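Working notes for the structure below.
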Amino acid sequence: MASWQFAPDTQPDSFWVSLRYFNIYRLVLAGAFLAAVLISGDNLNFGSHNLVLFKYVSGAYLSLAIAYQVLLEKMRRYFNFQLSLHVITDIVASVLLMNASDGFRSGLGVMLLISLAAAALVSRGALTLFYAALASIAILLEQTYWILVFDHSTTNYVQPGLLSIGYFATALITNQLAQRVIRQERVMRQRSVDLSNQLRINQLVIQDMQDAVLVVDGNGLVRQHNPQVSVLLGWQAPELDQIENYSPEIARALARWRNAGGSAIETLLLPGSGKLARARFVEAGVAGGSISLVFLEDLSRLQEQAQQLKLAALGRLTANIAHEIRNPLSAISHASELLVEEQRGPSQERLLHIIQDNAKRLYRMVRDVLELTRRDRVHPESIRLAVFLPSFIDEFAQNERIPSANFALQVHEASEIVFDRVHLQQVLWNLLRNAWRHSRQRDASVRVVVRRQANRVELDVIDDGEGVPTHLRQQLFEPFFTTYSGGTGLGLYIAREMCSANAAILEYIAPPAETGGGDFRILCGGRPA
């Protein structure tokens, strides 16, 4: 049978624990038998037929129990083999102790019921019936010994026979109950794992949601929330606190909804961040209490997305218009240049210069718009800023006719980024031109500073001018917004779009009040040093 293949097996820990408790019972039982005969002799009817045999068997039984306990502690292998040794030891010891105590009438045969029941709890298949069969044969052989040697009546087989039936019944019933418990334990263990996994998945889903989520119980205690709550509230949200301490506005809206006097969807203004949010309330429907879910959707983010869609549509329309304007504009510029070559009076010459200046301005605007439509054509490459920036600043200074001494460069030697080289040149050209225009235009008025922060590179273009007024900072990167009469209002917008196409961020950093000036920073991922 497969049960007798004594290869190393893997049994649940509960089986080994049960076997250890079973052996502790054996230790106590053997010790009690030995102590009884050593103290009282055969007064308790133990060893009434052969006291010496009872003492030796009890001593051997106790010694084997101690050895089994050591074996269980040292080696958790060959479970079925160890279990079989234990049961066979119990059967042999019980039969010998019965024989030494005047046979079946001593009542010691009943002790085997406990051993068989304990074995049935942790054994499987036909092994349980094998143990019951061994116990029955041993009991019947012991009774046969008394009939053959001491001429007892054959009618004495009735009681051993009934006890043998009890052995089989106990083994079968206990084994079936144990198997059912084992199956239920396996199901519960699997369900526990599934529940743990589900909780983990739910936690990850909530954490990664773009909407803010709060789990609120019936007493108004926030049991759980995701990081978006802090972003939307404008401050670090507490842990396990009342909903009123998160936002009184959300608390009042939740109370109105719970009292059936309010809507399940409300629009709220959150004073902490100044953001407009759409609050949606949902009953979780869990057992054991009223749990509500509060979903907060940032309406400003939706407005930004809508604005992006509008800008994208406007960009496509503008690109088409710019493409159609470029050819007639080139013809106008060329015609004005031909007219300049002819002899004309001062007034006509002035008008021609006006035509040329405005034609050039329109041409720059058309060029910028067409550049904007090509921002997604990215060809990234690894650029070492310590090599790229000095030559770029020299080229910029020569083309713009600015002394090189007006620019200062501080760059980390290990700074290396992945960027489209043409895009980086266009972005920096625009930033340096703006910085120079708004600076005091003296030595080191424009500083280019490169810092490496872990796996990120920060590239700052800083001027010593008056900086951007606070009320204009929100409009800096809007298309067609400019404070320069000759500008197109697309420079910073295109620069930010090109940075975005290269997985970088262009932002304006408000300077300290004591230093002033302007600071435009490019944040991008850097190559490991």
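Since we're looking at a predicted model, the values are computed, not measured.
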Worksheet item: Is there a side-chain contact between I291 and V216, using heavy atoms and a 4.5 Å cut-off?
Response: no
Discussion item. As a quick check of understanding, evaluate side chain to side chain contact (heavy atoms under 4.5 Å, CB included) for F388 and Q425, giving each step before the final call.
Written reply: CA-CA 10 Å; F388 171 82; Q425 289 174 340; 3.7 Å; yes
Response to the item:
Hits for side-chain contact (heavy atoms from CB on, under 4.5 Å) against T89, two or more places apart or cross-chain, chain-then-number order -> Y61, L64, Y68
Worksheet entry | Other residues, nucleotides, ligands: >12 heavy atoms within 6.0 Å of I505 CD1 | no
Discussion item. Can you tell whether the side chains of E381 and R421 come within less than 4.0 Å, N to carboxylate O?
Written reply: yes
Fill in: Donor-acceptor under 3.5 Å (N219 side chain, L221 main chain)
no
Item to complete: Taking the side chain as every heavy atom from C-beta outward, state whether I139 and Q143 have any atom pair closer than 4.5 Å.
Response: no
Fill in: Non-neighbouring partners of E142 that pass side-chain contact (heavy atoms from CB on, under 4.5 Å), sequence neighbours left out
V95, M98, N99, W146
Discussion item. Set out, in order, the CA-CA distance, both residues' side-chain angles and the distance that settles side chain to side chain contact (heavy atoms under 4.5 Å, CB included) for L19 and N23, then state yes or no.
Written reply: CA-CA 6 Å; L19 190 58; N23 194 66; over 6 Å; no
Worksheet item: Can you name the nearest heavy-atom pair linking L431 to V461, along with the distance?
Response: O-CG1, 4.0 Å
Discussion item. Strictly distance-based, threshold 3.5 Å: is any side-chain N or O of N175 a donor or acceptor partner for the main-chain N or O of A171?
Written reply: no
Worksheet item: So, do L428 and L389 sit near enough that their side-chain heavy atoms are less than 4.5 Å apart?
Response: yes
Worksheet item: So which heavy atom on V418 is nearest to which on P380, and how close?
Response: CG1-CB, 3.7 Å
Discussion item. Would you compute the distance between atom OH of Y25 and atom CD1 of I114 and round it to the nearest 0.5 angstrom?
Written reply: 3.5 Å
Worksheet item: Is there a donor-acceptor pair closer than 3.5 Å between any side-chain N or O of D519 and the backbone N or O of I509?
Response: no
Fill in: L214 CG to I250 CD1 distance, which is reported to the nearest 0.5 Å
6.0 Å
Worksheet item: Is the closest side-chain heavy-atom distance between S164 and L140 below 4.5 Å?
Response: yes
Response to the item:
So ring pair (Phe, Tyr, Trp, His ring centres under 6.0 Å) across residues 224-248, not counting sequence neighbours, yields H225-Y246
Discussion item. With a 4.5 Å cut-off on side-chain heavy atoms, are D241 and V222 touching?
Written reply: no
Discussion item. Tell me whether R26 forms a cation-pi arrangement with F22, defined as NZ or CZ under 6.0 Å from the six-membered ring centre and within 45 degrees of its axis.
Written reply: yes
Worksheet item: Given side chains that start at C-beta, do those of Q410 and R447 come closer than 4.5 Å, heavy atoms only?
Response: yes
Fill in: Partners meeting side-chain contact (heavy atoms from CB on, under 4.5 Å) with S94 (sequence neighbours left out)
L112
Response to the item:
In this structure, SG of C499 is separated from CZ of R521 (nearest 0.5 Å) by 13.5 Å
Item to complete: Tell me, please, which residues at least two apart from Q198 pass side-chain hydrogen bond (donor to acceptor under 3.5 Å, both in side chains).
Response: N202
Worksheet entry | Criterion side chain to side chain contact (heavy atoms under 4.5 Å, CB included) on V213 and V294, from CA distance to verdict | CA-CA 6 Å; V213 182; V294 182; over 6 Å; no
Worksheet entry | Rounded distance (nearest 0.5 Å) linking atom CG of D298 with atom CG of D211 | 9.0 Å
Worksheet item: Does any N or O in the side chain of S63 come within less than 3.5 Å of the main-chain N or O of G59, such that one atom is a donor and the other an acceptor?
Response: yes
Fill in: Selection residues 167-213 - residue pairs positive for ring pair (Phe, Tyr, Trp, His ring centres under 6.0 Å), sequence neighbours left out
none
Practice prompt. May I have the step-by-step check of side chain to side chain contact (heavy atoms under 4.5 Å, CB included) for T128 and T174, ending in yes or no?
Written response: CA-CA 10 Å; T128 301; T174 305; over 6 Å; no
Worksheet item: So with a 6.0 Å cut-off around CD of Q242, is the heavy-atom count from everything else above 12?
Response: yes
Item to complete: Give the ring-plane orientation class for F15 versus F79, where under 30° counts as parallel, over 60° as perpendicular and anything between as tilted.
Response: tilted
Worksheet item: Taking all atoms of both residues into account, what is the closest heavy-atom pair of G31 and L62, and its distance?
Response: N-CD1, 4.0 Å
Worksheet item: If every non-hydrogen atom of V282 is compared with every non-hydrogen atom of W257, which pair is closest and at what distance?
Response: C-CH2, 3.8 Å
Worksheet item: Just wondering, more than 12 heavy atoms not from Y157 lying within 6.0 Å of its OH?
Response: yes
Fill in: Exceeds 12 heavy-atom contacts within 6.0 angstrom, atom CE of M188
no
Item to complete: Report the distance from atom CG of D90 to atom OG of S115, rounding to the nearest 0.5 Å.
Response: 3.5 Å
Worksheet entry | Donor-acceptor pair, side chain of E507 and main chain of L523, under 3.5 angstrom | no
Worksheet item: What distance do R451 atom CZ and R456 atom CZ have between them, rounded to the nearest 0.5 Å?
Response: 9.5 Å
Worksheet entry | Minimum side-chain heavy-atom gap Q69-R20 below 4.5 Å | yes
Worksheet item: Which atom names give the shortest non-hydrogen contact between N226 and A212, and what distance separates them?
Response: OD1-CA, 3.5 Å
Worksheet item: Does the side chain of F46 come within less than 4.5 Å of L108's, by heavy atoms?
Response: yes
Fill in: Atom of A237, atom of V229 and distance for their closest heavy-atom approach
CB-CG1, 4.0 Å
Worksheet item: Okay, side chain of Q236, backbone of S230: is any donor-acceptor separation there less than 3.5 Å?
Response: no
Response to the item:
Result for side chain to side chain donor-acceptor pair (under 3.5 Å) between E266 and one of R280, R256, R278 points to R256
